[in-house]
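Remarks on the structure that follows.
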Amino acid sequence: MTKEENLEKMRHSTSHVMAEAVQSLFTGVRFGIGPAIEDGFYYDFELARPLTPEDLPAIENKIREIVDADYPFIREEVDKEEARQLFADQPYKLELIDEFPDNRVTIYKQGSFADLCRGPHVASTSEIKAFKLTHIAGAYWRGDERSPMLQRIYGVAFDSEAELEGYLARQAEAMKRDHRKLGKELDIFSIHEEIGPGLVCWHPRGALIRQIIEDFWKAEHIKRGYDIVYTPHIAKLALWKTSGHWDFYRDYLYSPIEVEGQEYILRPMNCLGHILIYNSQLRSYRDLPLRYAELGTVYRYERTGVLHGMARVRGFTQDDAHIFCRPDQIEAEVAGVLKLAQLMMSTFGFNDYELLLSTRPERYVGSIQMWDEATDSLATVLEKLELPYDLDPGEGVFYGPKIDIKLRDALGHAWQGPTIQVDFNLPERFDVCYIGDDGAEHPVVMIHRTVLGSMERFVACLTEHYGGVFPVWLSPLQVVIIPIADRHVDYAQQIKNELEEEAIRSRVDERAERMSWKIREAQLQKIPYMLIVGDKEVESSNVSLRLRSGEDVGMRSLLQVKSLIKAVIEARAQTALEGESI
RNA sequence: GCCCGAGUGGCGCAAUGGUAGCGCAACCGACUUGUAAUCGGUAGGCUAGCGGGUUCGAAUCCCCUCUCGGGCUCCA
């Protein structure tokens with residue numbers, strides 16, 4: 001058994017011990033399930049009263065008692081009838097028993113607690129080493145929102161106190177990278193109750209980061225034969241009925257706006273405008289592929305509980321494009337998009353991401369043959385490009401299979417970023433076709449795709465990925481010039497002017513503060529370069545360079561510093577100085 | 001949407017039934033400074049809601065609404 005499997009076993013056993021602790025502290029407990037998860041475990045309970053965080057220490061103490069008592073875990077096999085009697089007052093367990101295919105079920109007992117469980121478990125409770133209950137949450141029985149909501153206690157468990165401490169320290173570090181916290185500290189964005197939940201205001205610094213990304217994005221798309229288009233943010237409801245969105249996603253649309261007796265809605269997607277542009281004239285097979293790209297803002301009425309800073313919002317800008325192509329062009333186009341997505345990921349420092357191929361869901365349109373062909377071609381491209389991916393069965397969109405790239409935030413949550421989706425639905429509904437070399441009409445294949453995701457989510461992930469320490473080319477402010485005394489302000493200003501000529505973003509901190517105070521503030525703002533100027537520098541026409549890593553590079557000529565910074569920006573380097581860690 | 005928790009000056013926090021305090025920031029003044037916090041002073045909130053209730057009295061207790069956080073569900 002590997003170390004990881006042992007750890008998982010121990011975590012699972014800890015959840016049983018926690019259940020025993022809860023059983024002894026509360027009356028009338030009904031038990032749900034309690035598996036091991038990444039880093040720890042949870043158990044779901046139905047209790048007479050709501051749990052509060054204050055309950056956790058008592059439960060932890062009880063767990064320790066059970067651990068110290070060193071109860072063995074005993075495995076027993078019983079038939080279903082016996083199991084039903086054992087768990088006669090446990091409706092959730094009875095439900096599980098009914099669903100087991102075999103007549104024999106296994107039970108694990110430790111101390112005064114018995115649970116229906118496949119196992120395996122540790123030999124004895126004393127094998128549980130370092131654990132901590134972390135939080136409580138509501139969770140639907142079996143993850144179904146029509147089922148009762150149980151109370152879940154989450155915990156973490158490790159082989160040693162040192163590993164537990166290490167984990168908790170990493171969590172604390174990760175919380176510092178939270179884009180919602182950094183967004184405030186670094187003045188990147190805000191969300192206002194007065195405007196509405198999930199609607200983002202981009203502050204000048206955030207907007208600058210976004211502009212830089214968008215400029216890069218546009219240039220790379222134009223290079224690859226995309227045409228930039230703009231389409232309206234609202235459209236007649238009838239259009240969304242034709243597309244099928246009204247039927248499938250009505251609950252996620254903002255309510256219609258009535259004007260002149262016509263109903264309009266805020267667009268939840270950009271594709272329809274692109275389709276109408278395509279359909280504005282007859283297209284020949286020679287015209288294809290056509291690639292329409294738009295940084296298109298869309299609005300979706302996301303349920304209140306799911307909103308999360310800039311990462312999950314109600315109004316967001318997709319870096320969208322729709323490729324209209326012939327069936328024989330699918331593979332080449334998908335490959336092109338994947339390569340572009342890879343370029344985006346590597347340019348922005350995401351070297352660790354997951355690729356998922358999602359296949360036909362239960363509710364779908366089109367023929368199974370179309371689905372199979374499209375899914376195969378997506379898989380073929382992934383294999384040709386030697387990209388490792390996981391299958392996500394049944395997770396495709398109703399209109400076609402897709403490839404998703406998932407990015408992780410500081411706390412390890414995966415967010416969908418780039419996505420490539422084949423669409424069989426819209427070409428049919430809108431009669432999107434081309435004239436082939438046979439002179440006949442053929443349906444086009446439409447590919448929806450983003451290579452970043454949305455600007456909001458991407459900047460959120462980017463902020464967490466870098467912990468706010470953006471690479472120089474993305475840093476809103478690249479240089480702070482710090483005059484030591486008032487008499488150095490003119491010289492500092494002169495330097496700023498020279499940096500401006502090179503389009504380096506700088507500011508002179510001319511406040512009547514001490515140098516060390518100005519350095520502290522520049523550090524906290526994670527500004528890549530600090531240029532300190534005092535008598536020595538003025539006299540020798542130099543600057544003293546300090547990096548946000550804390551390194552004092554020393555006195556250099558302005559020319560040297562300028563060319564260093566320029567080179568770092570042009571290379572879109574991940575670090576502020578070659579060989580530096582930031 | 002569901003369960004639990006929270007909402008105090010720009011920001012971070014204190015005050016759990018008796019007339020709201022602290023730090024940072026802001027503003028004013030002094031200091032003119034050598035690599036992460038110079039000193040002094042001033043102003044600023046009636047405590048999410050021009051919501052309802054309990055009480056002699058509410059930031060503090062109860063109800064409603066809104067927003068945020070942790071999860072669940074969802075995420076075209």
Side-chain angles (χ1 to χ4, degrees), chain A residues 42 44 46-47 49-55 134-154 178 180-181 184-185 187 190-198 240 243-245 248-249 251-253 268-271 298 300-309 311-314 316 318 361 363 395-400 402 404 411 413 415-416 419 421 423 425-426 448 454 457 482-489 512-525 530-537 544-548 550-555:
Chain A
Y42 67 77
D44 290 342
E46 188 180 287
L47 301 168
R49 67 161 176 92
L51 287 167
T52 69
E54 290 78 60
D55 291 320
T134 52
H135 55 288
I136 50 185
Y140 296 108
W141 166 239
R142 316 196 95 180
D144 186 336
E145 63 181 320
R146 291 161 302 191
S147 297
M149 183 159 276
L150 308 179
Q151 301 193 63
R152 176 173 295 178
I153 303 177
Y154 282 96
D178 189 317
R180 293 165 298 183
K181 184 172 159 65
K184 199 175 277 179
E185 288 171 4
D187 202 12
S190 59
I191 293 175
H192 303 266
E193 200 172 332
E194 298 90 324
I195 293 176
W240 302 98
S243 69
H245 289 98
F248 270 84
Y249 302 117
D251 292 345
Y252 297 93
L253 302 178
M269 303 185 93
N270 303 304
C271 30
V298 298
R300 298 177 186 177
Y301 174 69
E302 301 282 3
R303 295 157 99 189
T304 50
V306 306
L307 301 174
H308 184 90
R312 186 84 183 267
V313 290
R314 286 183 172 165
F316 55 98
Q318 294 180 308
R363 264 175 107 195
E395 290 302 309
V397 194
F398 77 92
Y399 51 67
K402 61 172 181 170
D404 288 331
L411 287 165
H413 299 133
W415 294 97
Q416 185 186 303
T419 182
Q421 308 174 345
D423 186 346
N425 175 50
L426 292 176
H448 306 246
S454 77
R457 179 173 294 175
I482 300 176
I484 287 177
D486 289 350
R487 62 179 178 279
H488 310 123
V489 169
E513 293 290 350
R514 270 150 180 73
M515 177 196 66
S516 55
W517 177 253
K518 297 177 183 178
I519 287 175
R520 177 184 155 76
E521 290 215 323
Q523 287 285 152
L524 291 175
Q525 287 294 310
M530 284 154 256
L531 300 185
I532 289 127
V533 294
D535 289 335
K536 283 188 290 184
E537 288 78 9
S544 283
L545 175 63
R546 180 192 161 102
L547 306 178
R548 61 187 160 184
E551 189 192 344
D552 180 1
V553 178
M555 205 149 74

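Chain A is the first sequence line, chain B the second, and so forth, proteins listed ahead of strands; every chain is numbered from 1.
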A:R546/A:D552 ion pair, N-O < 4.0 Å: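 Salt bridge: no.
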
Looking at [X], I'd like to know whether one of its side-chain N or O atoms comes within less than 4.0 Å of OP1 or OP2 on [N].
{"X": "A:Y42", "N": "B:G70", "answer": "no"}
{"X": "A:K184", "N": "B:G12", "answer": "yes"}
{"X": "A:R180", "N": "B:G69", "answer": "yes"}
{"X": "A:R312", "N": "B:C74", "answer": "no"}

A:L307 or A:F398, whichever maps to the more 5' nucleotide of RNA chain B: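 Mapping each residue to its closest nucleotide by heavy atoms, the 5'-most match is A:L307.
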
RNA chain B: 5'-proximal contact among A:H135 and A:I519 (nearest heavy atom):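 Its nearest nucleotide lies further toward 5', so the answer is A:I519.
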
Whole angstrom is fine here: how far is it from [atom1] in [X] over to [atom2] in [N]?
{"X": "A:W517", "N": "B:C24", "atom1": "CH2", "atom2": "P", "answer": "8 Å"}
{"X": "A:R487", "N": "B:G34", "atom1": "CZ", "atom2": "C1'", "answer": "11 Å"}
{"X": "A:R514", "N": "B:G34", "atom1": "CZ", "atom2": "C1'", "answer": "12 Å"}
{"X": "A:E302", "N": "B:U73", "atom1": "CD", "atom2": "P", "answer": "16 Å"}
{"X": "A:E395", "N": "B:C74", "atom1": "CD", "atom2": "C1'", "answer": "11 Å"}
{"X": "A:D251", "N": "B:U73", "atom1": "CG", "atom2": "P", "answer": "18 Å"}
{"X": "A:E54", "N": "B:U16", "atom1": "CD", "atom2": "P", "answer": "16 Å"}
{"X": "A:F248", "N": "B:C74", "atom1": "CZ", "atom2": "C1'", "answer": "16 Å"}

Below 30° counts as parallel, above 60° as perpendicular, anything between as tilted: where do the rings of A:H308 and A:W415 land?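 The arrangement is tilted - the two ring planes meet at 30° to 60°.
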
Nearest heavy-atom pair of [X] and [Y]: which atoms, and what distance?
{"X": "A:E537", "Y": "A:G534", "answer": "OE1-N, 2.8 Å"}
{"X": "A:V313", "Y": "A:G198", "answer": "CB-O, 3.2 Å"}
{"X": "A:P361", "Y": "A:G396", "answer": "CG-O, 3.4 Å"}

Using side-chain contact (heavy atoms from CB on, under 4.5 Å), reason through A:R314 and A:L307 one step at a time and then give a plain yes or no. CA-CA 8 Å; A:R314 286 183 172 165; A:L307 301 174; 3.8 Å; yes

Taking [M] as the reference, what is the distance to [N] when you measure between their [atom1] atoms (whole Å, please)?
{"N": "B:G21", "M": "B:U16", "atom1": "C1'", "answer": "15 Å"}
{"N": "B:G7", "M": "B:G12", "atom1": "P", "answer": "13 Å"}
{"N": "B:G51", "M": "B:G71", "atom1": "P", "answer": "35 Å"}
{"N": "B:A6", "M": "B:A48", "atom1": "C1'", "answer": "11 Å"}
{"N": "B:C46", "M": "B:C31", "atom1": "P", "answer": "37 Å"}
{"N": "B:C75", "M": "B:C11", "atom1": "P", "answer": "35 Å"}
{"N": "B:U54", "M": "B:C13", "atom1": "C1'", "answer": "30 Å"}
{"N": "B:A76", "M": "B:A14", "atom1": "C1'", "answer": "47 Å"}

So, under a plain 3.5 Å distance rule, would you say the side chain of [X] forms a donor-acceptor pair with the base of [N]?
{"X": "A:E537", "N": "B:G34", "result": "yes"}
{"X": "A:R303", "N": "B:U73", "result": "yes"}
{"X": "A:R142", "N": "B:C72", "result": "no"}

Reported CG-to-CD distance for the pair A:L51 and A:Q151, which is rounded to 0.5 angstrom: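 Separation between the atoms: 4.0 Å.
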
Evaluate the side-chain contact (heavy atoms from CB on, under 4.5 Å) criterion for residues A:M530 and A:K518: first the C-alpha distance (whole Å), next the side-chain angles of each, then the deciding distance (0.1 Å), finally the verdict. CA-CA 9 Å; A:M530 284 154 256; A:K518 297 177 183 178; over 6 Å; no

Mind checking [X] for me? I need base, sugar-phosphate or nothing, with any heavy atom below 4.0 Å counting as a touch.
{"X": "A:E513", "result": "base"}
{"X": "A:I482", "result": "nothing"}
{"X": "A:G534", "result": "base"}
{"X": "A:Y252", "result": "base"}
{"X": "A:A512", "result": "base"}
{"X": "A:D535", "result": "base"}

Quick check: are there more than 12 heavy atoms from other residues, nucleotides or ligands sitting under 6.0 Å from CZ of A:R49?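 For A:R49, atom CZ is crowded (more than 12 foreign heavy atoms under 6.0 Å).
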
Sub-3.5 Å pairs of nitrogen or oxygen atoms, protein against nucleotides 2-7 of chain B:
unit_1: B:C2; atom_1: O4'; unit_2: A:Y140; atom_2: OH; d: 3.3
unit_1: B:C3; atom_1: O2; unit_2: A:G138; atom_2: N; d: 3.3

Which nucleotide, if any, forms a Watson-Crick or G-U wobble pair with [N], using both distances under 3.5 Å?
{"N": "B:C27", "result": "B:G41"}
{"N": "B:G69", "result": "B:C4"}
{"N": "B:U54", "result": "none"}
{"N": "B:A15", "result": "none"}

Could you walk me through whether A:R180 and A:D178 pass salt bridge (charged side-chain N to carboxylate O under 4.0 Å, His left out), step by step? CA-CA 5 Å; A:R180 293 165 298 183; A:D178 189 317; 2.5 Å; yes

Given B:U32, B:A76, B:G34, which nucleotide is nearest the side-chain atoms of A:Y399?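 Looking only at heavy atoms from C-beta outward on A:Y399, the closest nucleotide is B:A76.
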
